[in-house]
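Following: one structure in structure tokens, then a few remarks.
By convention in this document, chain letters (A, B, ...) are assigned in the order of the sequence lines, proteins followed by strands, and residues within each chain are numbered from 1.
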Amino acid sequence: MHKPGSAPWNASDAQHIIDQHKSRPGALLPILHAIQDHFGWIPDQSVAMIATDLGVTRAEVHGVISFYHHFRTKEPGRHVVEVCRAEACQAQGSRALEAHARASLGVDYHQTTADQTITLEPVYCLGNCSCGPSVRIGDEIHARVDAKRFDALVEELRTEPLTLASLAAPNLAVSEQEVPS
Amino acid sequence: MSWTIHVPSDTTARALGSDRLVSGIQVLAREAGVELHVRRNGTRGLYWLEPLIEVDTPNGRYGFGPVNDSDLDSLFASEFWKGEVDHPLALGLVEELPYLKRQQRLTFARLGRIDPLSLDDYRAHAGFRGLEKALTLAPQAIVDAVKESGLRGRGGAAFPTGIKWQTVLGASADQKYIVCNADEGDSGTFADRLVMECDPYMLIEGMTIAGLAVGATQGYIYLRSEYPQAFRTLNSAIERACEAGLLGANILGSGSDFHLEVRLGAGAYICGEETALLESLEGKRGMVRAKPPLPALVGLFGRPTVVNNVLSLAAVPFILDQGAAAYAEYGMGRSRGTLPFQLAGNVKQGGLVELAFGPSLRELMFEFGGGTRNGRALRAVQVGGPLGAYLPESQWDTALDYEAFAKVGAVLGHGGVVMFDDTVDMGEQARFSMEFCVAESCGKCTPCRIGSTRGVEVIDRIRAGEQVEANLELLSDLCDTMLNGSLCAMGGMTPFPVQSAMKHFGEDFVKNASAAELEA
Ligand SMILES: Cc1cc2nc3c(=O)[nH]c(=O)nc-3n(C[C@H](O)[C@H](O)[C@H](O)COP(=O)(O)O)c2cc1C
Ligand code: SF4
Ligand code: FES
């Protein structure tokens, strides 16, 4: 089992995902989300399959993918780290954080670190605007992130052991939090 | 004997460590041998106090905050679960805190008081009363109630909600839709998120009432992908509401149907614009459509469609339950009811402040916000998101009212208030506004697409001190072109923050002028 978001390319998984969603009205976005949630990106092979099943051209599917910042056509690193660039975070020091993130990781936005651990992405607001600067890693949001806190978060990601158990753990955590009770 | 405590679970509280606190509390409670029943509420929206732990006492909920992991030992030592104990983080009765007590929480009456997914909690706090009322009314009577309430769209444009509903009610079609705009793209805003994460049944109830009012049986919530927790909570809430017969076929045995589904956006600010949103829901690029036709007549999949912001729909259950007059009683002029303001940026006491329209921006920022977080002088305030103007101190006495803001060239928009201290460089802020427009323009019209790119270049030259005067003039012309020649408010309002920065903070644009021009 691969953790969702990092499954290697597999046409039958892709077909299964497409079949699950294709009869929904306006199915393209839900399909693209499901593909990216599974593989971590939208592999080119899946585009042809989606086009065939929805009866549109590959160019149309590509056009939709390229319109939305969220969709990725390159394989990301093991973790995607999104730094908020929007105004409320700027007012709390996010410009310095952005500079620090790029310098310390040695990458620009949309790039992946040499060790394939982290892909850095910009994001425009995470709805955590009273307690910025804000950073999203996977589905978790972090508040009041300064350079020091950023380094600690990155360190956690880098030292995370690559065992099967650790690959499964983040998802367990998510489903536990699903129902606040 | 057992005690009940409440630990918040919304995105911000969790981003500040509230999940870790729960684990810590459970370990320490076992060690101390006390039976603590931990419930997860949403949040009160008093973010400077988060994580804010509340304890049930006979007099009400007693609060402690902001609580760090390192505070747990001393909290246990003082037996905080008993409520009114002596501890440096003790806040007293939460509902007596002036920040909360001085608000008019109509829409957010339940915020932080309930377990977001508990139907019992929701019902115990007036939930579904609006829906029950609506089920006894004819569609026209529901629309009339919304009209009489004076409710105007909370998504930004402030269009009267009842009039929009009337148009959809009057249209005949085989299928109509209710679309909730939950794209909440504006920086500095999180009130929609609070509804969805902390009181999701209120939105479900509001949308269902809208469906009954206009004869729509299918609803979609278009949610931004930046809100993963809201996505999970909404899906769980919809599932539970369906199981309880409150949603789906034959709602509460009434014979009426309303189906609801959440759809995720994909990181495109323009998809908050209603026609781009509809394109996106249809599975296309989020290109803005020309109006007319109005979405109310030709909307999703070409059918009559109500598109409303989360807060507009969330206000509806109160209006149906308490009556249109009860809502309209609040506010000033043509701005009726309340607006949930969101204090963000460099603010000491950030959070959600739901107020009847009318008080001044200054009161909001100082009496609630307490000024800046770092104690420096407040210099500029952006109200209404990235397309909203920056207000200088001379405008802070403006009343929080749609028309009063329009008069000074500003907007209230979705109620986001982003505060900046005196270290802000307004030239840099103006550049960002243009840069944001470059990144987020749908590309349909030239003034927006090309104008913003040119805007960035020109501001760069100004900031570098190159021919400052001539370039300022060019920038001003560019702004006019965008204002007048754009199809939608993305290109049409990006000039607002830029022009306001130039007008009120002009000194920031000419900083390098003399030096560089002397060198030349
Ligand atoms: C660029 C742009 C972005 C917008 N973003 C949002 C948004 O995130 N949420 C929202 O409710 N309305 C947004 N709007 C306003 C919508 O077009 C529309 O007016 C609103 O959804 C109508 O609902 P209401 O009448 O309940 O406010 C945006 C408009 C523009 C031009
Ligand atoms: S103003 Fe900009 S975002 Fe709006 S329709 Fe024109 S190009 Fe698209
Ligand atoms: S502006 Fe960064 S979280 Fe909203």
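- No part of B:Q218 comes within reach of chain A, as not one of its non-hydrogen atoms sits under 4.5 angstrom from that chain.
- Distance OG1/B:T11 to CD1/A:I141: 6.0 Å, rounded to 0.5 Å.
- Residues A:R136 and B:P228 have side chains in contact (heavy-atom distance under 4.5 Å, counting atoms from C-beta outward).
- Only the backbone of B:D186 comes within less than 4.5 Å of a heavy atom of chain A; no side-chain atom from C-beta onward does.
- In this structure, B:S187 contributes its side chain and A:A86 its backbone to no donor-acceptor pair below 3.5 Å.
- Only the side chain of B:Y220 comes within contact range of chain A, judged by heavy atoms closer than 4.5 Å.
- Only the side chain of B:I270 comes within less than 4.5 Å of a heavy atom of chain A; its backbone N, CA, C and O stay farther away.
- For chain A, the nearby part of B:F432 is the side chain; its heavy atoms alone come within less than 4.5 Å.
- Contact residues of residues 49-77 of chain A toward chain B are A:G63, A:V64, A:S66, A:F67, A:Y68, A:H69, A:H70, A:F71 (heavy-atom distance under 4.5 Å).
- The greatest number of non-hydrogen atom pairs below 4.5 Å with chain B, out of A:E87, A:Q36, A:E82, A:H33, is found for A:E87.
- Annotation: side chain to side chain donor-acceptor pair (under 3.5 Å) contacts of B:Q26 (sequence neighbours excluded): none.
- Among the candidates A:R95, A:H142, A:Q92, the residue making the largest number of heavy-atom pairs closer than 4.5 Å to chain B is A:R95.
- Atom CZ of B:R263 has more than 12 neighbouring heavy atoms from other residues, nucleotides or ligands inside a 6.0 Å radius.
- The side-chain contact (heavy atoms from CB on, under 4.5 Å) search around A:H16 returns A:Q20, not counting sequence neighbours.
- Other residues, nucleotides and ligands contribute over 12 non-hydrogen atoms within 6.0 Å of the NZ atom of B:K444.
- For a residue to count as touching a neighbouring chain, one of its non-hydrogen atoms must lie under 4.5 Å from one of that chain's; by this rule B:C271 touches chain A with the side chain only.
- The most heavy-atom pairs under 4.5 Å with chain A, out of B:E282, B:Q429, B:Q342, B:Q382, come from B:Q429.
- A salt bridge between B:E261 and A:R24 is present, with a side-chain N of the basic residue lying under 4.0 Å from a carboxylate O of the acidic one.
- If you measure heavy-atom distances from A:R85 to chain B, the contacts under 4.5 Å come from both the backbone and the side chain.
- Among all heavy-atom pairs drawn from A:S130 and B:G350, the shortest one is OG-C, 3.7 Å.
- The two residues A:G26 and B:F301 have their closest heavy-atom pair at N-CZ, 3.7 Å.
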Q: Show the numbers, then the answer: is there a side-chain contact (heavy atoms from CB on, under 4.5 Å) between B:L16 and A:R144?
A: CA-CA 8 Å; B:L16 291 165; A:R144 296 197 181 120; 3.7 Å; yes

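- Looking at B:T372, there are no atoms closer than 4.5 Å to chain A (heavy atoms on both sides), in backbone or side chain.
- Taking all atoms of both residues into account, the shortest heavy-atom contact from B:L264 to A:L29 is O-CD2, 3.9 Å.
- Within residues 114-127 of chain A, the residues that have a heavy atom under 4.5 Å from a heavy atom of chain B are A:V123, A:Y124, A:C125, A:L126, A:G127, listed by number.
- Only the side chain of B:F436 comes within contact range of chain A, with at least one heavy atom under 4.5 Å from a heavy atom of that chain.
- Taking both residues in full, the closest heavy atoms of B:G345 and A:A91 are given as CA-CB, 3.9 Å, listed atom of the first, atom of the second, then distance.
- With a threshold of 4.5 angstrom between heavy atoms, A:P25 approaches chain B through its backbone and through its side chain.
- Looking only at heavy-atom pairs under 4.5 Å with chain A, the residue among B:M419, B:R224, B:Q349 that has the most is B:R224.
- Looking at B:S118, there are no atoms closer than 4.5 Å to chain A (heavy atoms on both sides), in backbone or side chain.
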